[in-house]
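Would you mind keeping the following structure in view while I ask a few things?
Throughout, protein chains are lettered first and strands after them, A, B, ... in sequence-line order, and every chain is numbered starting at 1. Remember, predicted model here, so these are calculated numbers, not experimental data. Quick note: numbers below take in every heavy atom, side chains included, and nothing from hydrogens, waters or symmetry partners.
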Amino acid sequence: MSAQYSFTEIENKWQKQWENTQLYRVSIDANKPKYYVLDMFPYPSGSGLHVGHPLGYIASDIVARYKRLNGFNVLHPMGYDAFGLPAEQYAIQTGQHPAVTTEQNIQRFREQLNIMGFSYDWDRQVKTCDPNYYQFTQQIFALFFEHWYNKQSQKAEPISNLIAHFENHGSDQLHAHGGKIEAFTPQEWKAMSALQQHNILNQFRLAFIDETTVNWCEAMGTVLANEEVINGLSERGGYPVVRKKMKQWSLRITAYADRLLSGLNTLQWSDAIKEIQRNWIGKSQGAEIDFVVRGTLKTLKVFTTRPDTIFGATFMVVAPELENLQEFCSEDQWPAVQAYANKAKNRSEIDRMADTTKTGVFTGMEAINPFTGEPIPVWVSDYVLANYGTGVIMAVPAHDERDFAFATTFNLNVIPVIKPVNSELELPLKEAFSAKDGVCFNSGFLDGLPVKEAIGAAIEKVEKAGWGQAKVNYKLREAGFGRQRYWGEPFPIVYNEEGIPQLVNPLPVELPQVESYKPTGNGESPLSAVSQWVNTPHGKRETDTMPGWAGSSWYFLRYTDPQNTQELASKEALSYWQQVDLYVGGSEHATGHLLYSRFWTKFLYDLGYITWDEPFQRLVNQGMIMGEDGQKMSKRWGNVVNPDDVCAQYGADTLRMYEMFLGPLTDSKPWNTHGIEGVSRFFGKFWRLFYEGEQWAVTQETPTAAELKILHKTIKKVTEDIESMSFNTSVSAFMVATNELGTLKCRKKEVLETLLILMAPFAPHITEELWSQLGNTSSIHIASWPKYDASHLVENSFSYPISINGKTRAQIEFELNASEADIQATVLSHELVVKWMEGKPLKKFILVKGRIINVVV
RNA sequence: GCUCGGGUGGCGGAAUAGGUAGACGCGCAGGACUUAAAAUCCUGUUUUCAGUAAUGAAAGUACGGGUUCGAUUCCCGUCCCGAGCACCA
């Protein structure tokens, strides 16, 4: 090896060496504590990685290497989220099979990842499009299909339990989370046809066939999830999206809404992500109250979070999509209502949201406010959503902005019933008073009660009078699980002659070859054209495929035992590796992958497959690296920086170090080509600590106190930084140490060797090389992490244990000119009182970082 | 509109159980080496004022208040930027 720092040579050499010796291969080792550090696996796109991608991978690799050096058995795998739309779009355009292009892309990703020297155990690589993998995705789907959610035991239970319940008790005493059914007796259940029974069970299965309004994208010929639609256009491609009724598979995620909410409190995630999930789940507590429609026996059920305002409910509004709308309309108003409802249906979401003025039509009917006994008009308006609550509201214009706007537009009655605690409302109201810290008035028995108490009192009254009951609502919707696409997991489902879905065995149900990847355009998947695959002796196969998030909702479990052909992972592997200790990835998956993974984990926990019910204990969201122009890096802007090029020019260690040096991991920041020069220079200086010109210069001399101080300061700093994931300041610490040791011309083995270990997680290649040049025969990556010794950090000072403001501080160091024998020090509050021995007056000394900065006589 | 973050030199950013603000890097300026350049190394670099200079003084972490011996850090108010949610009753 030459005396110059030749990174290309060094990096190639050690990457090969690590591969040959399988240095990063791990297996279960009961004698070591485990640590599981995981990156969000990438979708292997055709354009490869840019310098933004590795940011999180570098951070997790540093932690993985650090934990190994600290004696942990570290699981640090990588894989590919390989099913998805881009490969399929590419297939439609070129006719190339998605499996072929995906495999090519994976090879490219693998090469790029290897160049950067990550310590993955590649034997554990998973690909979601591999039948060996997706047979278990199908199996988990089958488990969802075969289970229902028992609200009493608060967990998923086998569907056979539910059938037994129906056989013994009918629909009585049912605590199942699910859809609405008509009551039936055990005898009636037994007399039902298979199809009738199926229709009832379908209301409770956790994987079920749902008839819902879906986001239909005509251009792509497929259904999209809510999060794939932005402002009425598809996220990918920007095609228009319309609402359409369709039957498709869904997962009953709402059964887990409460647990998904409360589980957040146990996690070390950023507040931002937790908040996004909380908003998404959208729990709100209130009451459902029945309003009798005047002159009929019918009732309109409303959901409200503000039953305390019910004395001010002066009209009602029903959603135009309500199915039995006509029942709540007078004959003469029906044509107008119907016209309005039709118009609302065809109005796109984007129009509806953009329109701030309220529209609506009177139904011609009135309902009775149960609290006041007064008749109030019933209106139809599209500001009320059919799929939230009951699709009907009681409008309290005095205390709700939307109701106020509506009442103003149509000149409806406004009755204030809540006023501020210490003042009066200004009448007539100019805007709704929606604050929750008010007091009731004009409200009969609620008068004088503060809002919070009045809510409880109103609900109590409602329940006693039999008008309704307390109710919790969620914004969270069932998770649509079908896509009319080719490149995804096929469902393990066939439909028999009666159209009843049946599970298929054995798994996997492999994806067949097709002539064309194009969607049929009538809403069916390209698979429906493969008749020899679709038609089986047991019936017709389901031709939809699973959505992109299916495979990614459990892959972290598969890494523990990726080659297992019998089960998704062995009990032994799962109980050893357990949940992910540290998960690193982008925040854009907050309401998708991160929520679904939690849902699947809780389900598998209920079934006893795993013993923990949260997948990712600690989550860190790395920021984005922008182009130098501040734009997001993309081909479109022509501002993509390729990591291969950077590695070729500066080396992988420099790239790794520089990406960490750019700023806090979680911040977004621009890539700056000049900045990398500084890190590159640093490696030159670092190398020259070991070489004097051409000459190897490391000596065996004993380090001086000053040198040990530099070393131990660095150990302390870097250790704390890695624990808190502040990698940017660690890089600074290495630079400082290198500069200081360079100034001291310190070439002592004891110091340099320890410094190498500290830097090994950041710059694995150069440290490995110098480590071996120092004469070590085993890899630096299995060395032990150094501990710092505080005694080296104190110099020319006396230290006294003291306490400040009642809190104990271990020690405070300070410098004094007088010798210790001359003074006597005591501590009062935050002040150190130093008394001279020879009867001089008391003086108070104010300490700042161990130095006396002020003297108060 | 609501909910979270965040405003520090020319730039990226350090420093918060309150304690010498501006670490480290970039850029810039000057110097050494060189015939010259590159590379490398050294020095300086918040602002203002005073001084030939070493140096000294004052101000300074978006703005205005407060608590404190002491505030970038804690509290109240204002402004600005970013992210998320957005007719969810």
Item to check | For atom CG of A:Asp667 and atom P of B:rC11, their distance in whole Å | outcome: 17 Å

Checklist entry - Any idea if B:rG65 is syn or anti, going by the 90°-from-0 cut? => result anti

Next on the checklist: Closest approach to the side chain of A:Ala272, judged atom by atom: which nucleotide of B:rC4, B:rC87, B:rA89 is it?
Outcome noted: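 Given the options B:rC4, B:rC87, B:rA89, the side chain of A:Ala272 is closest to B:rC4.
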
Checklist entry - Checking all strands, does A:Pro664 fall into the base, sugar-phosphate, or nothing category for heavy-atom contacts under 4.0 angstrom? => result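 Touches sugar-phosphate only.
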
Item to check | Electrostatic pair A:Glu740-A:Lys713, nearest N-O below 4.0 angstrom | outcome: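 The answer is yes: the pair qualifies as a salt bridge.
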
Item to check | Pairwise C1' distance, B:rG9 and B:rA86 [rounded to whole Å] | outcome: 39 Å

Checklist entry - Given atom NZ of A:Lys717 and atom C1' of B:rA15, what is their separation to the nearest angstrom? => result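 Spelled out: NZ on A:Lys717 to C1' on B:rA15 is 9 Å.
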
Checklist entry - With A:Ser730, which residues qualify under side-chain hydrogen bond (donor to acceptor under 3.5 Å, both in side chains), at least two apart? => result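 side-chain hydrogen bond (donor to acceptor under 3.5 Å, both in side chains) check on A:Ser730 returns A:Asp721.
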
Next on the checklist: Would you measure the distance from the P atom in B:rC74 across to the matching atom in B:rG18 and give it in whole Å?
Outcome noted: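 The answer is 9 Å between these two P atoms.
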
Checklist entry - What interatomic distance, in whole Å, is found between P of B:rU73 and the corresponding atom of B:rG60? => result 13 Å

Next on the checklist: What is the distance, to the nearest angstrom, from the CE atom on A:Met626 to the P atom on B:rC11?
Outcome noted: 19 Å

Item to check | Pairs satisfying salt bridge (charged side-chain N to carboxylate O under 4.0 Å, His left out), at least one member in residues 302-312 of chain A, at least two apart | outcome: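 Passing the test, one end in residues 302-312 of chain A: A:Arg306-A:Asp308.
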
Checklist entry - Does A:Lys358 make a cation-pi contact with A:Phe406 (under 6.0 Å, within 45 degrees of the axis)? => result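 No, A:Lys358 does not lie over the aromatic ring of A:Phe406.
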
Next on the checklist: How many whole angstroms separate atom NZ of A:Lys274 from atom P of B:rG5?
Outcome noted: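 Taking NZ of A:Lys274 and P of B:rG5, I get 12 Å after rounding.
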
Checklist entry - Roughly, in whole Å, what's the span from CE in A:Met624 to P in B:rG5? => result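 It works out to 20 Å between those atoms.
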
Checklist entry - Expressed as a whole number of Å, how far does the C1' atom of B:rU34 sit from that of B:rU40? => result 12 Å

Item to check | A:Leu260 backbone acceptor or donor facing A:Arg598 side chain under 3.5 Å | outcome: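 Side chain of A:Arg598 to backbone of A:Leu260, a donor-acceptor pair under 3.5 Å: yes, one is there.
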
Checklist entry - A:Thr305 versus A:Gln285: any side-chain heavy-atom pair under 4.5 Å? => result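 No, too far: nothing below the 4.5 Å cut-off.
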
Checklist entry - What is the distance from CD of A:Glu401 to C1' of B:rA89, rounded to the nearest Å? => result 12 Å

Item to check | Gap between atoms NZ and P, on A:Lys475 and B:rA86 respectively (whole Å) | outcome: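 About 6 Å, once rounded to whole Å.
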
Next on the checklist: Output the rounded distance in Å from CE (A:Met660) to C1' (B:rA14).
Outcome noted: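 Taking atom C1' of B:rA14 as the reference, CE of A:Met660 is at 17 Å.
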
Item to check | Separation of the C1' atoms in B:rA71 and B:rG19, to the nearest angstrom | outcome: 10 Å

Next on the checklist: Taking the six-membered ring for Trp, are A:Phe315 and A:Trp379 closer than 6.0 Å centroid to centroid?
Outcome noted: no

Checklist entry - Hey, does the side chain of A:Tyr383 come within less than 4.0 Å of B:rA89's phosphate (OP1/OP2), counting only N and O? => result no

Checklist entry - Expressed in whole Å, how much space separates the C1' atoms belonging to B:rU16 and B:rG7? => result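 Between the two C1' atoms, the distance is 16 Å.
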
Item to check | Worked check of side-chain hydrogen bond (donor to acceptor under 3.5 Å, both in side chains) between A:Thr714 and A:Tyr788 | outcome: CA-CA 9 Å; A:Thr714 311; A:Tyr788 83 93; over 6 Å; no

Name the atoms and distances for all side-chain donor-acceptor pairs under 3.5 Å in residues 678-686 of chain A, with sequence neighbours left out.
residue  : atom : partner  : partner atom : Å
A:Lys685 : NZ   : A:Asn739 : OD1          : 3.2

Item to check | Evaluation steps, side-chain contact (heavy atoms from CB on, under 4.5 Å), between A:Leu322 and A:Val392 | outcome: CA-CA 9 Å; A:Leu322 208 68; A:Val392 183; 4.2 Å; yes

Next on the checklist: Looking only at the side chain of A:Ile276 (C-beta and beyond, no hydrogens), which of the listed nucleotides B:rG84, B:rG13, B:rA89 gets closest?
Outcome noted: B:rG84

Checklist entry - Start at the 5' end of RNA chain B and walk down; is the nucleotide closest to A:Asn279 or to A:Ile393 reached first? => result A:Asn279

Checklist entry - When you match A:Thr743 and A:Thr304 each to their closest nucleotide on RNA chain B, which lands nearer the 5' end? => result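 By nearest-heavy-atom nucleotide position, the 5'-most residue is A:Thr743.
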
Checklist entry - Any idea which of B:rG13, B:rA89, B:rU40 is nearest the A:Arg688 side chain? => result B:rU40

Checklist entry - Which whole number of Å gives the distance between the C1' atom of B:rC42 and that of B:rU46? => result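 One C1' to the other, the span is 23 Å.
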
Next on the checklist: Just to be sure I follow the notation: if a pair is Watson-Crick (purine N1 to pyrimidine N3 plus N6-O4 or O6-N4) or a G-U wobble (N1-O2 and O6-N3), each under 3.5 Å, what dot-bracket string does RNA chain B give, with | for pairs to another strand?
Outcome noted: (((((((..(((......[....)))((((((.......))))))(((((....)))))..(((((..]....))))))))))))....

Checklist entry - What string of B, S and - do you get for nucleotides 23-28 of chain B 5' to 3' if you count protein non-hydrogen atoms under 4.0 Å? => result BBSS--

Next on the checklist: So, using side-chain contact (heavy atoms from CB on, under 4.5 Å) as the criterion, who are the partners of A:Ala470 when residues are at least two apart?
Outcome noted: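 A:Ala470: side-chain contact (heavy atoms from CB on, under 4.5 Å) contacts with A:Ile459, A:Glu463.
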
Checklist entry - How far does the C1' atom of B:rC24 sit from the matching atom of B:rA36, given to the nearest Å? => result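 The answer is 33 Å between these two C1' atoms.
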
